[in-house]
Each structure stands twice: as C-alpha cells, then as structure tokens.
**Student:** 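Quick one: the structure is below, and I'll ask about it shortly.
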Amino acid sequence: MKVLKFGGTSVGSAKNINNVINILNSYVEKDTVICVVSAVGGITDKLLLAGNLAKNKDASFSEVFNTIKQIHLDIVSELIPVKNDSVLDFVNNKLDTLKSLLDGIYLINELSPKTSDKLTSYGELLSSYIIAETMKSRGLSTELKNSQELIVTNSNFTKAEVDYALTNKNIKDYFNSAKQSITILPGFISNSKSGEQTTLGRGGSDFTAAIVAAALHVEQLEIWTDVSGMFTTNPKLVKQAYPIEKLSYQEAMELSHFGAKVLYPPTVQPALDLNIPIHIKNTLEPESVGTIISNDHINSGVPVKGISNINNIALLTLQGSGMIGIPGFSKRLFETLSQEKINVILITQASSEHSICIGIDENDADLAKTAIDKTFENEIALSKIDPIIVETDLSIIALIGDNMKNHQGISGKMFSTLGKNNINIRAIAQGASEKNISAVILQNDVKKALNCLHEQFFEIKTKQLNVFITGVGNVGEKLVEQIKQQRKYLKENLKINLRVVGLSNSRTMIFDDEGIDLSSWKDQLQKGEKASLQGFFDGIKALNLRNSIFVDVTANYDVANLYADYLRQSIGVVACNKIACSSNYENYSLLKRLSLKYNAPFLFETNVGAGLPIIDTLNNLIASGDKITSVQAVLSGSLNFVFNNFDNSVSFYDVVKQAQSEGYTEPDPRIDLSGVDVARKILILARESGLEMDLEDISNTPFLSESGLKSESVDDFFQTLIDDEAHYQGLFNSAKVKNCQLKYVAQLNNGKASVGLQEIPEGHPFYNLKGKDNIVMFYTQRYPEQPMIIKGAGAGADVTASGLFADIIRIGNK
Ligand code: ADP
Ligand code: ASP
Ligand code: MG
C-alpha cells in the first residue's frame with residue numbers, strides 16, 4: 001500500500017488532474033493506493049479572502065465567491081461527462097452552502113477561527129469529490145472517504161493537534177475493510193472530538209498524508225507537488241537552485257521549519273517515527289528523480305544541504321543592566337510568550353546576560369510587546385530593564401546540514417559572504433547540534449542573501465556580476481557588444497557570470513532582473529521607460545542584487561555626483577567619466593573612503609589613456625611596495641593629432657579644425673588645447689600615487705597665444721588661431737631647427753606636477769609617438785633608470801570600452 005499526496009497545483013486544473021490520474025493508474029496495477037488531495041491551487045487563499053471581505057462588510061466577497069465557483073464548475077465540465085448531472089448537482093449544492101456560510105459571515109460581521117475552519121474545509125471537500133467522481137467515471141475502482149471521519153483533533157482551530165490514538169484506530173479500521181484500489185482522501189481537514197470541523201494548519205495536506213501513512217505503516221509516502229523535489233533553496237528566489245537528491249529526516253525537518261514550503265513541517269515526524277521514506281515528486285515532470293527523505297543517507301559528506309528563509313519575523317530585545325546575574329528573567333519571558341501561545345522561532349542571548357533576543361512571527365509582535373511589558377512592569381518602572389524593543393520587517397535565513405558540525409568555518413563563510421554583500425546581520429543563532437546556522441536580516445535583503453549564499457555554498461566557482469550601464473553612445477554601445485560577445489568565454493574560463501541588468505541613455509532606461517537579452521537590447525531600450533538619473537539609481541537599489549556595478553559611460557557632471565550614493569549602497573562604480581576623480585580632493589578621497597567602507601569597488605582605469613592599463617599598473621607598483629619617483633607622459637590624443645599634423649605646409653587653424661571635425665577634440669577644443677584635460681589626467685595619476693593634490697596645484701604653461709587664452713567663445717577662439725598663425729608657426733620652427741618634435745607632456749617629479757608643450761629631441765621615447773597614441777613612463781625605485789613604459793592608442797570607442805570591460809573583470813576576479 002502506498003500513500004500519495006497531490007498538492008494545489010497538481011490538482012489545479014483539469015489537465016493537471018488528468019496527469020494525477022495517469023500517475024495513479026500506473027500504481028494501481030501493482031498496489032493499492034491512498035491518494036490525499038489538496039484544494040484546487042489558490043482556493044484556500046480565495047476562501048479566506050472572501051471570508052475576510054465578508055467579515056469586514058465588503059460586499060465584493062461575492063465576486064471572490066463567483067470566481068471560486070467558476071473555477072470548480074470549469075474543472076467539472078472538462079472532466080465529467082455531460083450526462084452525469086448528479087455530480088454537477090452535488091458541486092452546485094456544496095457551493096450554495098458555501099455561499100450561505102459567507103452570507104452569514106457578512107451578516108454577523110465575524111469570522112472566528114472555528115468558522116474559518118468550516119470555510120476553508122470547502123476547498124478540500126470539493127476537490128476530493130470532483131477527483132473521485134472523475135476516476136469513477138473512468139471505471140477505476142475508487143472510493144472517496146472524508147478525512148473528517150478519520151482524523152480526530154483537539155479544538156485548536158486553524159491548527160489543530162491530532163489525537164493519534166483515536167485517529168490511528170479510525171484509519172486502521174477503515175482501511176482494513178476497504179476493498180477499492182484507490183481511496184481519495186481530502187487533505188488538511190479533520191474533526192474535533194466533539195465533531196466540529198478543524199484543520200491541520202496551512203499546507204496541512206502533507207501532514208494528512210503522513211498521518212495516514214504512519215497509521216498504516218506503509219512502505220513509502222509520496223508528496224507530489226509542482227517542483228522536482230526539495231531544492232537547495234527556494235527556486236522562486238534563486239534561479240540556480242537545484243533539487244537535493246537525498247536528505248535525512250532532520251535536515252528535511254529543519255529546512256521545512258525554516259521556510260521550505262514544499263513540505264509542511266509536522267509532516268516529517270510521523271514518517272521519521274516509523275522510518276517511512278518520504279519521496280517528493282513533481283506531478284508536472286513525473287520522470288524527474290525528486291528528493292528522498294530517509295535515514296539511509298546520513299552523513300553523505302556534504303556539509304550544507306540547503307538554505308531556507310522565513311519572512312515576516314519580528315525581533316524582540318529585552319535588555320537592561322538589572323538583568324545581569326539575576327536568574328529568572330528568561331523564565332518569565334518565555335512563560336509570558338507561552339501563555340499568549342506565541343511561538344518562539346529563534347533565541348540568542350549575549351554572554352553578558354545583558355540582553356535576550358527572540359525572533360517571533362511579526363503578527364504576534366504587538367501581543368508579545370504588551371504582554372512582556374506587563375510582566376516586567378515593576379522592573380521597567382525601576383529602570384532595571386528597558387521596555388521591550390520590537391523590530392519588524394525582518395527575515396531569518398538558515399543554512400542546514402547534518403554534516404556542518406564536521407566542517408570548520410561554515411558560519412565564518414556564511415557571515416563573511418553576507419558582510420561582503422552589505423547585508424546587515426541583526427542576530428545569529430546556532431544550535432549546539434550544528435544542523436542549523438541562522439541569521440536575522442532585513443526582509444528586503446532576503447533574495448540577495450539567498451543568492452549569494454547559494455553561490456558560495458552550491459555553485460562555488462561562478463561569480464555573478466550584475467552590471468548597470470548608463471550612457472550607451474559610442475563607447476557604451478561597444479561595451480555592450482563586447483559583453484555580449486564574451487559572456488560565454490567569461491563563464492567557461494573565468495567562472496564569471498556577467499549579466500547586464502540595467503541600461504540607460506538620456507531618454508529611456510530598462511531593467512531585467514534575469515539579465516537583459518543582449519541580442520535585442522537596442523529595441524528594448526527604445527521601448528523602455530522614461531530615463532532619469534534618480535530613477536536609474538532607485539531601480540538598481542530596489543533590485544538589490546549582489547555584485548552590482550554601475551558603469552558610467554557619460555561625461556556628465558550630475559551622473560558623477562551620484563557615485564557616493566551608489567557606493568553607500570555597496571554598488572560598485574566603474575567610470576570613464578573623469579569628472580569625479582578630477583574634482584576637488586575632498587570629493588575624490590570621500591569616494592575612495594566610501595569604496596573601502598562599503599566594500600564597493602570604484603574603478604576608473606579609462607580616465608587616463610583609455611584602455612591602457614596605466615592606473616592599474618600604478619596601483620600594483622605601489623601595492624607591491626615600490627615608490628614612484630617620476631611620471632613622464634603624453635596623455636592627450638587630441639594634442640598629439642594636432643602636433644603630429646602641424647607643419648609649415650598647413651595652418652594651425654586648419655589642423656585644429658580638422659581635429660575637431662574628426663572627433664579628436666572635445667566640442668570645445670579649448671579644453672584640450674589649454675591643457676586642462678591633460679592636467680586632469682596627471683592629477684588623477686598624482687592622486688593615485690598618494691599625493692593630496694588639486695587641479696590648481698598643477699603648473700600649466702600654456703602654448704596658446706594671449707588672445708587665444710582670453711577668447712570668450714569657440715568662434716572667437718578659432719578667429720585667434722587665424723590671427724595668431726605666426727605665433728604657432730614660431731613654435732613649430734623653434735622645434736624644427738633643433739630637430740625636435742612638439743609634444744604636450746605631463747610630468748610628476750618629486751611631488752610636483754606640470755603640463756606643457758615641449759620640444760622633444762630625436763631618440764627620446766616620445767619622439768616617434770604616432771596618431772592618437774599615449775605613452776606613460778614610470779620611474780620608480782625599482783625602475784630607476786630604464787622606466788616602465790606603457791604605450792598604445794589612448795582614445796577610441798573600442799579601446800575605451802575594453803578598458804571599462806577590464807575594470808568590470810577586475811571586480812569579478814576579486
Ligand atoms: P503544494 O501545493 O504542492 O503543496 P506548495 O506550494 O505548498 O505546493 O509547495 C511547493 C512550493 O514550495 C514550490 O513551488 C516552491 O515555490 C516553494 N519552495 C520554497 N522553498 C522550497 C525549496 N527549498 N524547495 C522546493 N520548493 C520550495
Ligand atoms: N489547501 C490547504 C492550504 O492551502 C492545505 C494544503 O494545500 O496543503 O493551506
Ligand atoms: Mg504544500
């Protein structure tokens with residue numbers, strides 16, 4: 001004999017009920033079967049919703065009733081042959097009595113726990129009847145037995161406790177003489193000794209099946225549901241979760257007690273008492289293996305078997321100096337909670353005895369506070385202890401595994417993973433058995449916590465990076481394309497799962513929690529919601545994903561101003577925008593400090609030399625203990641273009657104009673030609689080498705003519721270039737007679753930085769610099785005479801995008 005239980009989704013539609021019948025059919029050839037069924041999926045919730053609306057005098061309860069009615073009638077009409085009117089009559093009758101009950105609740109304005117049980121019983125009574133009749137109509141040897149006639153409980157309505165002596169006897173008596181191959185039993189519902197309708201608690205159909213299985217000592221209990229077993233964590237919150245093949249009873253009990261809804265917690269005990277294996281299977285995928293819960297696989301070696309979570313937790317803290325060393329406080333506290341029938345989910349006590357922390361269901365928080373403050377009113381009046389502190393919107397997350405006790409460092413790993421992801425831990429509990437390590441965190445952080453813990457303990461080697469890019473012009477577009485192309489490579493070779501989760505330009509923005517499909521990102525972005533800087537920030541914050549990285553591919557001042565906000569949320573920042581790092585020192589160092597404090601990387605390699613690894617190299621030199629003595633560099637692609645193309649045969653005006661029209665200069669070429677852009681770059685290098693410096697500290701010897709420097713508009717400026725051609729020809733000729741090349745050089749020597757045009761003699765590393773190439777020479781203690789040189793293209797969309805990409809990968813490799 002086997003006991004099979006089918007949950008709400010499994011019996012949630014005519015199609016699924018047909019699946020159930022197929023499964024049962026394959027069993028009856030070999031065995032007699034007891035089939036426990038839930039209400040049709042979602043019906044219990046709807047019954048309670050209708051009841052609560054009616055209780056609150058909200059007439060819309062009848063709309064909810066109509067939905068309930070329609071769902072059942074649709075299923076009947078699909079499953080039962082039309083000629084069988086008696087089934088339809090029975091169902092209609094039942095629905096009529098349900099309507100009368102709801103009308104009554106509406107009339108008297110009251111929904112007691114007792115009435116609530118009467119109300120919710122309709123779900124299972126209807127589903128079991130329809131399923132039994134369907135099977136009979138198909139010629140299967142089937143009987144429906146009302147579990148209310150078998151399972152006897154006390155009168156603790158909505159979560160009644162079973163009287164096993166009476167219940168076991170009823171079950172044995174009935175099944176000893178039952179002749180049918182298949183018995184359909186409604187789950188969840190029962191009767192009290194005095195004959196009132198009771199229920200076993202939400203999710204209780206699993207328990208019904210376990211009670212029956214234990215009473216009859218069957219060889220196996222099967223729980224058929226809508227997922228392929230008990231997963232490593234809630235599959236609705238963690239996509240990478242996977243079914244656990246084998247679990248011990250203790251592990252299953254801990255996982256379900258701590259929120260793995262797939263199994264109702266009391267289900268395990270009756271099976272454990274008689275060593276009956278529980279097999280969790282998927283009705284929608286009957287061929288998948290599922291999970292076996294038994295005693296056969298204890299100590300399988302894996303330390304952490306699963307992670308679960310309970311939401312809606314309130315944390316109560318009782319504290320005060322008057323508690324120290326005086327016995328009896330905890331006793332009185334727990335007695336108070338027990339008198340109020342408040343279930344304690346988690347307890348921690350500081351070793352100083354100065355405080356006790358208790359996790360309870362949030363719904364009980366007000367009751368608990370009133371009762372506890374009353375119990376300790378004298379001590380509170382004498383200021384020996386404080387009134388109890390209640391914090392809400394919390395969750396408990398728990399790591400579970402029999403074998404954790406044999407492994408060191410599990411809790412360390414758990415807490416450091418949470419810490420690294422900026423998830424604040426409010427309380428911790430670890431049982432001496434070490435089957436469970438729990439932490440209380442903000443409910444808002446649950447999804448992130450489960451995902452990063454899952455990654456840590458179950459995926460181990462892949463690291464997910466969640467990237468949000470703002471500014472998808474030239475460079476941004478190239479970056480997205482590079483990510484699209486390299487995703488597979490990164491996953492396979494670097495174990496980095498790089499996902500673009502948000503994209504924004506100045507008009508629209510999009511988010512996709514699962515990662516944007518990069519094959520159609522442009523179309524999606526075009527149809528996105530209206531963009532705003534704050535909206536993008538809020539969207540990223542609300543998603544609260546681990547390893548989030550904000551990538552700034554704009555040159556926008558307001559975007560740069562938001563970096564601090566991002567870092568404070570532990571969201572890393574990668575920027576090619578130079579504004580933040582070349583702003584005042586105070587702001588630069590604040591961003592650096594925030595980055596450390598919130599463990600959020602702040603990288604800006606592309607601020608100097610586009611994709612060239614200049615800042616990273618400088619950082620590595622310093623980190624390894626080297627000292628920078630001097631930096632000599634040519635860092636402006638635009639100025640190189642200008643001076644590489646300028647000679648006696650062309651006018652300076654023409655060359656600058658060409659540079660502007662080919663996009664080598666800023667729209668306002670004065671920013672490049674005045675040396676400000678280069679000064680910003682050497683400033684960033686100076687700061688990265690540890691100098692506290694501002695832009696004013698950089699000496700800038702201009703090469704522009706007096707009137708060029710004073711020009712008030714771009715047009716005026718171009719006019720001065722024409723007027724002062726002789727000045728510029730003079731610069732060229734002076735260099736030419738010495739056989740030198742003009743280069744705009746940035747230097748850092750003994751803590752002093754300067755920028756200016758220089759005549760570079762033949763043989764010097766700068767002499768042959770071509771096109772938009774940049775070059776940096778680091779003279780250090782370890783490279784005193786022959787400098788370390790980095791040279792290559794210092795501008796261009798592709799190389800700048802690859803520099804941003806490299807920063808993202810640096811974060812991934814950390
Ligand atoms: P049924 O109606 O079949 O009893 P439930 O909704 O009660 O189904 O339980 C199955 C659901 O439990 C799954 O759909 C899943 O969303 C949720 N769940 C939560 N944690 C876990 C877990 N660790 N493994 C599997 N399912 C889980
Ligand atoms: N129908 C009940 C509920 O939704 C019992 C169950 O499905 O297990 O809670
Ligand atoms: Mg369930």
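Just follow the structure's listing: the first ligand is 1, and inside any ligand the first atom is 1.
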**Student:** Have a look at ligand 1 and work out which part of R202, if any, has a heavy atom under 4.0 Å from it: side chain, backbone, both or neither.
**Tutor:**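 Contact part for R202 vs ligand 1: neither.
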
**Student:** Looking only at N/O atoms, are P235 and ligand 1 under 3.5 Å apart anywhere?
**Tutor:**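 No; the residue has no nitrogen or oxygen that sits under 3.5 Å from a nitrogen or oxygen of the ligand.
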
**Student:** Going by the atom numbers of ligand 1, which of them fall below 4.0 Å from some non-hydrogen atom of G8?
**Tutor:** 1 (P), 2 (O), 3 (O)

**Student:** Begin with the C-alpha distance, continue with both residues' side-chain angles, and end with the deciding distance and a verdict on side-chain contact (heavy atoms from CB on, under 4.5 Å) for I189 and T120.
**Tutor:** CA-CA 9 Å; I189 58 176; T120 49; over 6 Å; no

**Student:** Relative to ligand 1, is V227 under 4.0 angstrom through side chain, backbone, both or neither, heavy atoms considered?
**Tutor:** side chain

**Student:** Can you name the residues that form a ring-ring contact (aromatic ring centres under 6.0 Å, His included) with Y27, not counting sequence neighbours?
**Tutor:**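 Partners of Y27 by the ring-ring contact (aromatic ring centres under 6.0 Å, His included) criterion come out as none, since no residue qualifies.
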
**Student:** Taking E340 for the side chain and L367 for the main chain, is one N or O donor matched with an acceptor at less than 3.5 Å?
**Tutor:**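 No: the side chain of E340 does not pair with the backbone of L367.
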
**Student:** Name all residues meeting the ring-ring contact (aromatic ring centres under 6.0 Å, His included) criterion together with Y249; count only those two or more places apart in sequence or in a different chain, and write none if there are none.
**Tutor:** none

**Student:** Residues two or more places apart in sequence or in another chain: which of them pass salt bridge (charged side-chain N to carboxylate O under 4.0 Å, His left out) with D163?
**Tutor:** K193

**Student:** For ligand 1, is there an atom lying under 4.0 Å from some heavy atom of P243?
**Tutor:** no

**Student:** Has the side chain of S194 got a donor or acceptor atom that lies under 3.5 Å from a matching backbone atom of S192?
**Tutor:** no

**Student:** Please report whether ligand 1 has a polar contact with S10, defined as an N or O pair separated by less than 3.5 Å (distance criterion only).
**Tutor:** no

**Student:** Any side-chain donor-acceptor pair under 3.5 Å between Q240 and E455?
**Tutor:** no

**Student:** Who's the nearest protein heavy-atom neighbour of atom 18 (N) of ligand 1, and how far?
**Tutor:** N234 OD1, 3.8 Å

**Student:** Where does T232 meet ligand 1, judged by heavy-atom distances below 4.0 Å: at the side chain, the backbone, both, or neither?
**Tutor:**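 Contact part for T232 vs ligand 1: neither.
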
**Student:** Give the numbers and elements of all ligand 1 atoms closer than 4.0 Å to a heavy atom of K236.
**Tutor:**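 So the answer, numbered in order with elements, is 14 (O), 16 (O).
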
**Student:** What protein heavy atom lies closest to atom 12 (O) of ligand 1? Include the residue and the distance to one decimal.
**Tutor:**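 Checked against all protein heavy atoms, atom 12 (O) of ligand 1 sits closest to V262 N, 3.4 Å.
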
**Student:** If we ignore angles and hydrogens, is there a donor and acceptor under 3.5 Å between the side chains of S10 and N16?
**Tutor:** no

**Student:** Using a 4.0 Å heavy-atom cut-off, say whether A241 meets ligand 1 through its side chain, its backbone, both or neither.
**Tutor:**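 For A241, no heavy atom sits under 4.0 Å from ligand 1.
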
**Student:** What's the shortest heavy-atom distance between P303 and M404, and which atoms?
**Tutor:** O-CG, 3.1 Å

**Student:** Parallel, tilted or perpendicular, judged at 30° and 60°: which one describes the rings of F6 and W224?
**Tutor:**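 Because their plane-to-plane angle is under 30°, the rings of F6 and W224 count as parallel.
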
**Student:** May I ask you to identify, for K261, whether its side chain, its backbone, both or neither come under 4.0 Å of ligand 1 on a heavy-atom basis?
**Tutor:** both

**Student:** How close does the nearest protein non-hydrogen atom get to atom 4 (O) of ligand 1, and which residue and atom is it?
**Tutor:**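 Answer for atom 4 (O) of ligand 1: K5 NZ, 3.0 Å.
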
**Student:** Taking only heavy atoms of T225 into account, list the atoms of ligand 1 that are under 4.0 Å away from them.
**Tutor:**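 Contacts of ligand 1 toward T225, numbered from 1: 1 (P), 3 (O), 8 (O), 10 (C).
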
**Student:** Tell me which protein heavy atom sits closest to atom 11 (C) of ligand 1, plus the residue, atom name and distance to 0.1 Å.
**Tutor:** D226 OD1, 4.0 Å

**Student:** Taking only heavy atoms of M230 into account, list the atoms of ligand 1 that are under 4.0 Å away from them.
**Tutor:** 24 (N)

**Student:** Distance-only, no hydrogens or angles: does the R426 side chain make a donor-acceptor pair with backbone N or O of L442 under 3.5 Å?
**Tutor:** no

**Student:** Which pairs of nitrogen or oxygen atoms, taken one from ligand 2 and one from the protein, are under 3.5 angstrom apart?
**Tutor:**
{"from": "ligand 2", "atom 1": "1 (N)", "to": "T44", "atom 2": "OG1", "distance (Å)": "2.7"}
{"from": "ligand 2", "atom 1": "1 (N)", "to": "E124", "atom 2": "OE2", "distance (Å)": "2.7"}
{"from": "ligand 2", "atom 1": "4 (O)", "to": "T44", "atom 2": "OG1", "distance (Å)": "3.2"}
{"from": "ligand 2", "atom 1": "4 (O)", "to": "R202", "atom 2": "NH2", "distance (Å)": "2.9"}
{"from": "ligand 2", "atom 1": "7 (O)", "to": "S38", "atom 2": "OG", "distance (Å)": "3.1"}
{"from": "ligand 2", "atom 1": "8 (O)", "to": "G203", "atom 2": "O", "distance (Å)": "3.3"}
{"from": "ligand 2", "atom 1": "8 (O)", "to": "G204", "atom 2": "N", "distance (Å)": "3.4"}
{"from": "ligand 2", "atom 1": "8 (O)", "to": "S205", "atom 2": "N", "distance (Å)": "3.1"}
{"from": "ligand 2", "atom 1": "8 (O)", "to": "S205", "atom 2": "OG", "distance (Å)": "3.2"}
{"from": "ligand 2", "atom 1": "9 (O)", "to": "R202", "atom 2": "NE", "distance (Å)": "2.6"}
{"from": "ligand 2", "atom 1": "9 (O)", "to": "R202", "atom 2": "NH2", "distance (Å)": "3.3"}
{"from": "ligand 2", "atom 1": "9 (O)", "to": "G203", "atom 2": "N", "distance (Å)": "2.8"}

**Student:** With a 4.0 Å cut-off, would you call K435 and E254 a salt bridge?
**Tutor:**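 Salt bridge between K435 and E254, a charged N being under 4.0 Å from a carboxylate O: no.
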
**Student:** Which residue is it: N191, L166, T208? I am looking for the one with a side chain to side chain contact (heavy atoms under 4.5 Å, CB included) to I151.
**Tutor:**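 Of the listed residues N191, L166, T208, the side chain to side chain contact (heavy atoms under 4.5 Å, CB included) partner of I151 is T208.
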
**Student:** For atom 22 (C) of ligand 1, what is the nearest protein heavy atom, given as residue, atom name and distance?
**Tutor:**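 Heavy-atom neighbour on the protein nearest atom 22 (C) of ligand 1: F231 N, 3.7 Å.
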
**Student:** Under the side-chain contact (heavy atoms from CB on, under 4.5 Å) rule, what do L274 and H217 come out as? Steps first, then yes or no, please.
**Tutor:** CA-CA 7 Å; L274 296 172; H217 290 231; 3.8 Å; yes

